[in-house]
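First the structure, in the form of structure tokens, and then the observations on it.
Keep in mind that the numbers below use all heavy atoms, side chains included, and drop hydrogens, waters and symmetry copies.
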Amino acid sequence: MIPGNTPVIIGVGQYSERVGEPGYEALSYMDLAGRALQAAIKDAGAAGDVAGSIDTLAAIRQFEISRPDSPSPFGRTDNPPRSIAQRVGANPKRAILEKTGGNGNQRLVGELAAEIASGRSEVAAIAGSEAVSTVRNLLEKGEKRDWSEHVNGEIEDRGYGLEQIIERELLAHGAGRPIAGYAILENARRRRLGLSLDEYRHHIGELFAPFTRIAANNPHSASPVERSADELAAVTARNRIVAEPYTRMTVSRDQVNQAAAVIIASAAKARELGVPEEKWVYIHAVTSVEELPVLARPDLSRSPAAILSLECALNLVGREMNEMAYLDFYSCFAIPVFNVIDHFSISQDDRRGLTLTGGLPFFGGAGNNYSTHAIAEAVGRCRADRGAYALVGANGGVMGKYATGIYSTEPADWSASPPFNEPETGEEGIPYASQSMGRATVESYTINHGRDRSDAIFIGRNAAGERVCGNADMSDEPTRALFESGDPFGAKLAITQDEHRRNIGRLASI
């Protein structure tokens, strides 16, 4: 007999729509999330009232509420978890609005499972959505909607959590968007491998081409089109460079209308509700680890936190990576995937595949909620291949937070030490230079390509070994040529400050 307090996933659901396709309804964020949660309730196949039994509902932040300065052109709800709950007839005692970060949903699985194992909860749900594609389509057509809602009831709002994502110095120099931060990390790895920009772009294309094949066969994909490595790597008018080394096709696709939900229950409550045991999927491990801020990382090309999360999860299960039958590594950009497969010596064309959905650039980057889709896919694989193990790796911030989950229909033991763990890396950070004037050696960089101008952002170290970040002086021809060559690594820059107190680097004379 499985102990009654053992947490089990009893239902998963996904819902999506694409603009202009048959049946398209232009659903709001909350309507999409409600559809996904309703699908998860139906998926459980219960005889009893699953919706009425949900005592905890955690909502994942959509893009428009992930930063305080994000616009909501059609209004928003003041209580996302209770708005979602209302759509399925649920009235949870506890309503959570999770922090910003793509790791949050995977971490919540562990947190809420631990609540169930301790007896403080019986049925918990996680749900989220994105409707960016619909919003943009309606705005382009000049149409209005009113998606504002006022919902009574308590809410546990955990805040934006941006202090773990946005670094003031990087923001001041134009690297406030994740794409610039990831591109800097990507170029650091490129330097380590000794590859040119063209070689590295093809390297990314080879990684992601198999992802497109998965996306092409996923009915929820935002871009169900198979593409070759050459097509992904080729720089064209349609596939322009957005931030070196990334072409447009190889970055996370935020224009989606997607939602996903997961329902976890105690084994005792699952039995009471009449959920068939063939629906049960056990949570064997969940680990969550935070990385140092970008500017403090000793090696810009790696994330030890992600590796620690994965290794800790595998150790909790007592299995090796090669024993995981199904894998989904968070793929907002290439480097979070490279970081993992480099360490575990996994081939880019591993027969298992590296994604269950098709990945964020192709299936869709459903904001903070992407890995809820990955978990839903993992549950489906486990049910169909009984006894097999599936691993989901969820990344947040600028490769700054990582949560890992391992799932199987094999029973998991939550009776002693719950398999939910949040270890620390113990890394020592690199100090940031309090006074950046002088000289700095370039460690990595990117060039942001906008409509009207291109800005080069660099990270380096001064003579004392302290970190410095700044903008390359692209008005200086030797400096511009150096950065546009794709090989500014190791160059010495003379640092001055402009009227906005931003660091400006110009190729130093010998």
Side-chain angles (χ1 to χ4, degrees), residues 8-16 32-33 35-37 39-44 60 102-110 125-130 208 210-224 226 252-253 256-264 278-286 310 313 324-332 336-337 340 350-395 403-409:
V8 293
I9 294 176
I10 61 170
V12 293
Q14 298 183 76
Y15 196 87
S16 62
L32 280 167
R35 295 281 181 94
L37 183 54
I41 291 168
K42 181 179 180 181
D43 176 66
I60 305 301
N103 61 305
N105 35 29
Q106 180 58 86
R107 187 197 165 280
L108 276 167
V109 169
I126 301 163
S129 64
E130 281 297 342
F208 277 153
F211 284 55
T212 71
R213 290 196 288 273
I214 303 296
N217 292 291
N218 188 328
H220 297 292
S221 288
S223 180
E226 184 174 344
S252 183
R253 176 184 294 270
V256 303
N257 303 313
Q258 296 172 327
V262 175
I263 302 173
I264 311 166
E278 60 264 26
K279 290 284 188 177
W280 298 13
V281 171
Y282 294 86
I283 304 158
H284 282 258
V286 176
L310 289 156
M324 299 295 106
Y326 303 99
L327 304 168
D328 190 275
F329 298 128
Y330 199 96
S331 53
C332 50
V337 183
V340 174
D350 188 281
R351 60 176 178 76
R352 296 169 293 182
L354 306 178
T355 178
L356 299 176
T357 65
L360 282 85
F362 316 107
F363 164 80
N368 303 313
N369 198 50
Y370 164 78
S371 286
T372 313
H373 291 273
I375 294 165
E377 294 287 347
V379 166
R381 302 299 199 285
C382 290
R383 287 172 174 169
D385 188 3
R386 306 197 69 79
Y389 284 77
L391 182 149
V392 173
N395 170 80
T404 304
I406 297 179
Y407 305 93
S408 177
T409 54

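Note that CG of Leu356 is 13.0 Å distant from NE2 of His373, once rounded to the nearest 0.5 Å. Tyr370 OH to Glu130 CD: the interatomic distance, rounded to the nearest 0.5 Å, is 14.5 Å. If you take OG1 on Thr404 and CG on Asn395, they are separated by 10.0 Å, rounding to the nearest 0.5 Å. The CD atom of Gln14 sits 10.5 Å away from atom CD1 of Ile375, with the distance rounded to the nearest 0.5 Å. The distance from the CZ atom of Phe363 to the OG atom of Ser331 is 10.5 Å, given to the nearest 0.5 Å.
Here Arg352 pairs with Met324, Leu327, Ile346, Asp350 under the side-chain contact (heavy atoms from CB on, under 4.5 Å) rule; sequence neighbours left out. By the ring-ring contact (aromatic ring centres under 6.0 Å, His included) test, Tyr407 is found to be paired with no residue, residues two or more places apart in sequence or in another chain being considered. The side-chain contact (heavy atoms from CB on, under 4.5 Å) check on Ala36 picks up Tyr15, Ala259, Ala261, with sequence neighbours excluded. For Tyr326, the side-chain hydrogen bond (donor to acceptor under 3.5 Å, both in side chains) criterion is met by Asp385, not counting sequence neighbours. When the ring-ring contact (aromatic ring centres under 6.0 Å, His included) test is applied to Tyr389, the partners found at least two apart in sequence or on another chain are His284. Partners of Ser371 under the side-chain hydrogen bond (donor to acceptor under 3.5 Å, both in side chains) rule, at least two apart in sequence or in another chain, do not exist in this structure. Applying the side-chain contact (heavy atoms from CB on, under 4.5 Å) test to Pro210 and every residue at least two apart in sequence or in another chain returns Arg213. Evaluation of the side-chain hydrogen bond (donor to acceptor under 3.5 Å, both in side chains) rule for Thr355 yields Asp328, Thr357 as partners, not counting sequence neighbours. Listed by chain and number, the residues in a side-chain contact (heavy atoms from CB on, under 4.5 Å) with Asp43 are Val12, Lys279, Arg383 (sequence neighbours excluded). Ser16 pairs by the side-chain hydrogen bond (donor to acceptor under 3.5 Å, both in side chains) definition with His220, not counting sequence neighbours. Scored by the ring-ring contact (aromatic ring centres under 6.0 Å, His included) test, Phe211 finds Phe208 as partners (sequence neighbours excluded).
Contact detail for Asn369 and Ser129: the closest heavy-atom pair is ND2-N, 3.8 Å. Between Gly102 and Ala394, the closest heavy-atom pair is O-CB, 3.6 Å. Minimum interatomic distance between Pro361 and Cys332 (heavy atoms only, all atoms of both residues): CG-O, 4.4 Å. Taking every heavy atom of both residues into account, Ala313 and Ala285 meet most closely at O-CB, 3.6 Å. The nearest pair of heavy atoms linking Asn103 to Ala403 is O-CB, 3.7 Å. Taking every heavy atom of both residues into account, Ala388 and Ala325 meet most closely at CB-CB, 3.9 Å.
Taking 4.5 Å as the limit, every side-chain heavy atom of Asn368 sits out of range of all side-chain heavy atoms of Asn105.
Among the candidates Asn218, Ile214, Val392, the single residue satisfying the side-chain contact (heavy atoms from CB on, under 4.5 Å) test with Glu377 is Asn218.
Applying the salt bridge (Lys or Arg N to Asp or Glu O under 4.0 Å) rule to pairs touching residues 359-374 yields nothing, sequence neighbours excluded.
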Verify side-chain contact (heavy atoms from CB on, under 4.5 Å) between Thr372 and Val262, making sure each step is shown before the conclusion.
-> CA-CA 7 Å; Thr372 313; Val262 175; 3.8 Å; yes
Check step by step if side-chain contact (heavy atoms from CB on, under 4.5 Å) holds for Ile60 and Leu108.
-> CA-CA 10 Å; Ile60 305 301; Leu108 276 167; 3.8 Å; yes
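Arg386 places a side-chain N or O within donor-acceptor distance of the main-chain N or O of Glu278, the cut-off being under 3.5 Å.
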